[in-house]
Amino acid sequence: MAKGHIITVIGAKGGQGKSQFAANLAFAYATEARMKVLFMDFDQRASGDQNFITGIKPKKTVRDIASFGGAIDPKSIIQFITPHPSGVNYISMPTDPNESDSIDSEGMGKTLKAATGLFPITIIDGGSELTPLTLKALEFSTMIFMVVTPDILALNQTKRMYSDLVTMLFPKDMIQVIVNQNQKGHPVTTEVIGKTIGKPVFAAVPKDEQTCVLALNQKKPAVLVAKGSAFSRGVIECVSKIQQKNILRTLEAIARPKDMGQAADSGGGASGGPVDPKSKNVWTDLKSRIHKALVDEMDLKKTDDSDPKAQVILREQTKKKVVEILGKEDTKSILKSREDMNRIVKEVLDEALGLGPLEDLLADKECSEIMVVGPNKIYYEHGGKIKKSDITFTNDRQVLNVIERIVAPIGRRIDEKTPYVDARLKDGSRVHAIIPPSAIDGCVITIRKFPEHRLTYKDFVKFGTLTQNMADFMRIAVEAHRNIIVSGGTGSGKTTLVNILGGFIQANERIITCEDSAELNFPQDHIVRLETRPPSLEGDGEIDIRCLVKQTLRMRPDRIVVGECRGGETLDMLQAMGTGHDGSMTTVHSNNPRECIGRIETLVQYAGAGLTPKAIREMIAAAVHIIIQQKRLDDGSRKITHITEIGGMQGDVVTLQDIYTFNQKDMDKNGKIIGEFQASGFIPKFIEILEKKGYNIPRGLFSNTPSAPVAQTPQSGPGNQGAPRPGGPAPGGKVPPKKPIKK
């Protein structure tokens, strides 16, 4: 059997007789062309009208077949269709509007694909709105009939719908206009309709109220009730025209999208296969021409970026303009399918209004970092491994446009005088950019993405970054107001870990954060977030981290959290930690806890206070209690390799004692590192102090044997303020009697 065709009938306005035309078109095909016809009702706003028009009492509905989990074949489809003696097989819309609205449009795609192999003709009543279900039908259709009556309002709405369909890249030849209720002598003639819509009328069905009313009263299609009537003849002539001119076979070549795999080869993808360099250059050249024409015809910067509605309107207007420009280009050898058209329009819109090729990578939840080196090299981190993307920017100017689009809304600037910038995206992702002349190979962008949902210590335990015992110990340390430094290399997850530690802070404490670009996202309500500011064009007005740390001391903080210490602010941070702001946190770049001490010592000297090395080390030993070392291993996984307590000074040396370590043992055949977390057995000094205050902390927490769960305190966060702590002080400050730990 040859492949069948789908014709979808739509209307831009109710009351135009679209449903009656669709039903009669199906029955005309069955009776006149003697074809086996599938007729489906997709009109979700007129639930069950086709049951009345056809007089068929359906067994199942579109919702039933859309949710069917099995394969659609000649046997399985029988349970869903209701046959009519004329040869029409009917699947109705549910009569309950709630059921109609809950139809799985994606699930319907399987049925539509199977229908073309089971029936030579499928007629669909698509309704008068471009719902997801109707759009799914249009995607599988060979021909689209737009029904319109000689009415000015209906005509204007039909024109708008036609424009929307063209903007959605449905080929113009695929869309045909049917004039229903056509009257001789009416001022709105078929010529006027065709000129207004911008599309010649395919067929005109005469106005015949008597036949249409008679058919509805008898609950039968008009072509069965009065075959010789004007209305019936108009519908039958429409079928004859389609068959005589072989229109469906002609349209099939242009209307049906080609295989998605072939389309993907044309435009490339974040993780697709290799792209032919020659075709890639042709694709890029076409995008460049469209960009140039778009800039000449539209002002893309006139809309307020902070107004979402204005952005949506601008994107729609720009999309129509891009489609219009593409229509003037010779694209036959480049754009071989609707999918190719969709891809190039999306790429042009993303570069003109968004972040270009980075949009898809930003939307990929598995992608954790994006690195752009000039217009032709885009790398990304996926599963801890760095890969190269096949997608590229059109040119270096487009990369610079993306950088400017990122930094402008937050008041940052980038130019030849200051060719680098730190910024953030709306979702909080951190961005660093550097441009020529400092960047030799073109503009460079580095985006550190953050998870869509805030990670918790449970996620870290699940990922194998630490153990439950380690997480419990860190929570105890935070609640006990230990000063913590998170140490690690670039991309090791320091900021993410500080976010998790911040989640352990009690909800009734005042937290102040200081960062170069705001990344920390604590769950508490009482939090003050401060951010640095670069100098103005005149070179003044700069606010650095050190200035912010000094300001926090006047803001009555319970805890101070500095995003990263990389200069003289380290001295101010240590002074704050040692003068009544216990429980503060920061991050430092270093490879292990011992190197972290040396790194902090060096950073303090940047402050220019003239302190001796021994005095600095004494300050570190007094102020910092715990160092947590995070590391990204060779297999891309991230582990907490050390949790170390600072024990004070012994001579001129700061003493360190590991509490937990990660020991790498081997690597499996897949390149994954095999190792285990080990507790040293050392009991931190502050644990005894906590126990004197009434906390019950199992000593098994610091051994490598399974132990009783740690005495849980409620996880800090909004809504937990004042909650009682089992085994710890009650809200009123009274210490409950110490109880033995059951094991």
Side-chain angles (χ1 to χ4, degrees), residues 368-369 381 383-385 451 455-478 482 484-504 585-600 624-647 654-687 697-707 709-710:
S368 57
E369 193 139 8
E381 183 180 323
K385 296 292 184 180
L455 294 177
T456 67
Y457 75 91
K458 293 180 181 178
D459 296 305
F460 266 34
V461 172
K462 184 173 67 175
F463 298 154
T465 303
L466 46 66
T467 64
Q468 182 65 47
N469 280 359
M470 294 165 70
D472 288 337
F473 172 74
M474 290 194 305
R475 176 179 55 77
I476 292 168
V478 171
R482 298 293 87 187
I484 298 173
I485 290 182
V486 177
S487 166
T490 300
S492 59
K494 298 186 299 298
T495 304
T496 304
L497 180 55
V498 171
N499 265 322
I500 288 174
L501 295 175
F504 295 143
M585 289 179 269
T586 187
T587 69
V588 170
H589 277 268
S590 58
N591 295 320
N592 56 59
R594 175 58 62 189
E595 286 186 22
C596 180
I597 299 296
R599 171 75 171 155
I600 295 171
V624 181
H625 301 125
I626 292 173
I627 297 174
I628 301 176
Q629 183 71 38
Q630 179 123 335
K631 189 174 182 180
R632 181 170 58 175
L633 304 182
D634 293 338
D635 63 352
S637 65
R638 292 167 171 82
K639 305 283 185 188
I640 292 179
T641 58
H642 297 79
I643 297 181
T644 303
E645 183 180 42
I646 294 181
V654 177
T655 60
L656 300 176
Q657 179 61 55
D658 291 335
I659 304 169
Y660 298 97
T661 56
F662 175 77
N663 298 320
Q664 180 178 338
K665 293 185 174 181
D666 200 357
M667 186 174 283
D668 66 15
K669 60 182 180 180
N670 297 320
K672 289 292 182 183
I673 287 175
I674 300 172
E676 65 178 1
F677 293 98
Q678 289 282 336
S680 66
F682 174 78
I683 308 296
K685 295 178 181 178
F686 74 91
I687 293 297
I697 300 171
R699 293 304 172 99
L701 195 67
F702 306 103
S703 69
N704 294 309
T705 56
S707 62
V710 68

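The analysis underlying the following values was restricted to heavy atoms, covering all of them including side chains, and did not include hydrogens, waters or symmetry mates.
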Do the side-chain N and O atoms of D635 and S637 include a donor-acceptor pair separated by under 3.5 angstrom? yes
Here the gap from M474 atom CE to Y457 atom OH, rounded to the nearest 0.5 Å, amounts to 10.5 Å
For the CG atom on D634, are there more than 12 heavy atoms of other groups (residues, nucleotides or ligands in this structure) within a distance under 6.0 Å? no
In Å, rounded to the nearest 0.5 Å, how long is the span from CG of N499 to CG of L455? 8.5 Å
Rounded to the nearest 0.5 Å, the CD1 atom of I659 sits from the CD atom of E645 at a distance of 5.0 Å
What class does the angle between the rings of F473 and F686 fall in, given that below 30° is parallel, 30 to 60° is tilted and above 60° is perpendicular? tilted
Do side-chain atoms of N592 reach the backbone of R594 as a donor and acceptor pair under 3.5 angstrom? yes
Is L701 close to Y660 at the side-chain level, that is, under 4.5 Å between some pair of heavy atoms? yes
Show the nearest heavy-atom pair for residues I627 and S487, with the distance to one decimal. CG2-CB, 4.1 Å
Within the distance-only criterion (no hydrogens, no angle test), does the side chain of K494 pair as donor or acceptor with the backbone N or O of G489 below 3.5 angstrom? yes
Are side-chain heavy atoms of L466 and V461 found at a separation under 4.5 Å? yes
Quick one: which of V486, I485, L497 gives a side chain to side chain contact (heavy atoms under 4.5 Å, CB included) with T587? V486
Do the non-hydrogen side-chain atoms of F677 and N469 ever get within less than 4.5 Å of each other? no
Partner of Q678 under side-chain hydrogen bond (donor to acceptor under 3.5 Å, both in side chains), picked from T661, N663, N704, is N704
Min side-chain heavy-atom separation C596-I600 under 4.5 Å: yes
Nearest 0.5 Å, please: how far is CE in M470 from CD1 in I643? 4.0 Å
Could you give me the CA-CA distance, side-chain angles and deciding distance for R638 and R632, then say whether side chain to side chain contact (heavy atoms under 4.5 Å, CB included) is met? CA-CA 4 Å; R638 292 167 171 82; R632 181 170 58 175; 3.7 Å; yes
In terms of side-chain heavy atoms, does Q629 have a donor or acceptor partner in T641 at a distance below 3.5 Å? no
Can you tell me if K631 uses its side chain to pair, donor with acceptor, with the backbone of N591 under 3.5 Å? no
Value for CG (L501) from CD1 (I626), rounded to nearest 0.5 Å, stands at 9.5 Å
Using modelled atom types only, decide if a donor and an acceptor are shared between the side chain of S680 and the backbone of D658 within a distance under 3.5 Å. yes
Electrostatic pair E676:K665 at N-O distance under 4.0 angstrom: yes
Judged by atom type as modelled, is there a donor-acceptor pair below 3.5 Å linking the side chain of Q630 to the main-chain atoms of S492? yes
Starting at CD1 of I646, measure out to NZ of K685 and round the result to the nearest 0.5 Å. 11.0 Å
